[in-house]
Amino acid sequence: QVQLVESGGRLVQAGDSLTLSCAISGQSISTGTYSLGWFRRAPGKEREWVAAITWGGTPYAADSVKGRLIASRDVAKNTVYLQMNSVKSEDTAVYYCAATDLTGVTLASATNYQYWGQGTHVTVSL
């Protein structure tokens, strides 16, 4: 059973940077075909996809955050990260990581992920 645990969420000021982590257990990301995605749910809004990194190590990001939010991974630590730069108030949300072993599917769709973490809170103050 794949388990995901996010960490790193906190209160930050607009313009700051922070890194979220997602520790994975039950499956090594160095083997198999697991891709990891990052989603967020802002207060009063629908869940949205923000970034992903494929099982081959290729990162992707939503157009709305491209260049600021960057997915990466450390295979040795079996951990994926979301680097958040120049954060804005609209980045305030609960951030979730998710895993899928499906290939050839859009990583921007939450329905393609089988495993989810519990989320970590990010609050951006002005």
Side-chain angles (χ1 to χ4, degrees):
Q1 180 74 9
V2 176
Q3 292 186 320
L4 310 172
V5 179
E6 303 95 333
S7 62
R10 57 185 175 91
L11 174 64
V12 293
Q13 290 188 327
D16 284 352
S17 296
L18 81 160
T19 301
L20 306 183
S21 301
C22 175
I24 302 150
S25 61
Q27 173 65 42
S28 170
I29 58 175
S30 64
T31 61
T33 59
Y34 277 86
S35 296
L36 281 299
W38 286 96
F39 291 78
R40 68 185 181 187
R41 187 189 298 274
K45 294 187 177 181
E46 297 290 318
R47 179 175 54 189
E48 67 170 335
W49 172 72
V50 293
I53 187 160
T54 69
W55 63 275
T58 303
Y60 293 93
D63 288 343
S64 60
V65 302
K66 193 169 293 183
R68 289 195 310 113
L69 275 57
I70 304 167
S72 64
R73 67 181 189 175
D74 186 327
V75 172
K77 294 182 178 180
N78 219 40
T79 299
V80 296
Y81 303 97
L82 182 66
Q83 175 68 37
M84 302 177 67
N85 301 314
S86 302
V87 296
K88 305 176 180 179
S89 58
E90 53 261 44
D91 293 325
T92 294
V94 179
Y95 285 75
Y96 301 90
C97 68
T100 178
D101 64 358
L102 300 177
T103 58
V105 299
T106 173
L107 296 179
S109 176
T111 58
N112 288 326
Y113 292 84
Q114 299 102 326
Y115 306 100
W116 291 82
Q118 294 300 305
T120 187
H121 291 254
V122 173
T123 302
V124 181
S125 65
L126 297 175

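Sequential numbering from 1 along the given sequence is applied to the chain's residues. None of the values given here were measured: they were computed from a predicted structure.
Of all non-hydrogen atoms in A61 and W49, the two that sit nearest each other are C-CH2, 3.6 Å. Residues A98 and L4 approach most closely at CA-CD1, 3.6 Å, considering heavy atoms. Here the shortest heavy-atom pairing between T92 and A42 reads O-CB, 3.5 Å. Of all heavy-atom pairs spanning V75 and S30, the tightest one is CG1-CB, 3.1 Å. Considering all non-hydrogen atoms of both residues, A52 and A71 come closest at O-CB, 3.6 Å. Between A110 and R47, the closest heavy-atom pair is CB-NH2, 3.5 Å.
With a 4.5 Å cut-off on side-chain heavy atoms, L18 and L20 count as touching. Counting heavy atoms from C-beta outward, N112 and L107 have side chains that stay 4.5 Å or more apart. Side-chain atoms of Y34 and T100, non-hydrogen and from C-beta on, never get closer than 4.5 Å to each other. The shortest distance between side-chain heavy atoms of T54 and Y60 falls below 4.5 Å. In this structure the side chain of E6 never reaches within 4.5 angstrom of the side chain of S21, judged on heavy atoms. Side chains of Y96 and R40 form no contact here, defined as non-hydrogen atoms less than 4.5 Å apart. Side-chain atoms of M84 and W38, non-hydrogen and from C-beta on, never get closer than 4.5 Å to each other.
Residues L36 and L69 share a single hydrophobic cluster, defined by chaining ILVMFWY side chains whose heavy atoms lie under 4.5 Å apart. V87 and V94 fall into different hydrophobic clusters, where Ile, Leu, Val, Met, Phe, Trp and Tyr side chains are chained together by heavy-atom contacts under 4.5 Å.
R68 places a side-chain N or O within donor-acceptor distance of the main-chain N or O of S86, the cut-off being under 3.5 Å. At distances below 3.5 Å, not a single donor-acceptor pair connects side-chain atoms of D74 with backbone N or O atoms of T79. Without hydrogens or angle criteria, T33 side chain to D101 main chain gives a donor-acceptor distance under 3.5 Å. Using a distance-only test at 3.5 Å, with no hydrogens or angles considered, a donor-acceptor pair links the side chain of Y95 to the main chain of D91.
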Name the atoms and distances for all side-chain donor-acceptor pairs under 3.5 Å in residues 115-126, with sequence neighbours left out.
from: T120; atom 1: OG1; to: G9; atom 2: N; distance (Å): 3.0
from: S125; atom 1: OG; to: V12; atom 2: O; distance (Å): 3.3

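Atoms CG and SG, from L82 and C97 in turn, are 10.0 Å apart once rounded to the nearest 0.5 Å. Of the inter-residue distances, the one linking S25 atom OG with Q1 atom CD reads 9.0 Å to the nearest 0.5 angstrom. The line from CG of D16 to NZ of K88 is 14.5 Å long, rounded to the nearest 0.5 Å. Separating the CD1 atom in I53 from the CD1 atom in I29 is a distance of 7.5 Å, to the nearest 0.5 Å. Rounded to the nearest 0.5 Å, atoms OG (S35) and CH2 (W55) are 8.5 Å apart.
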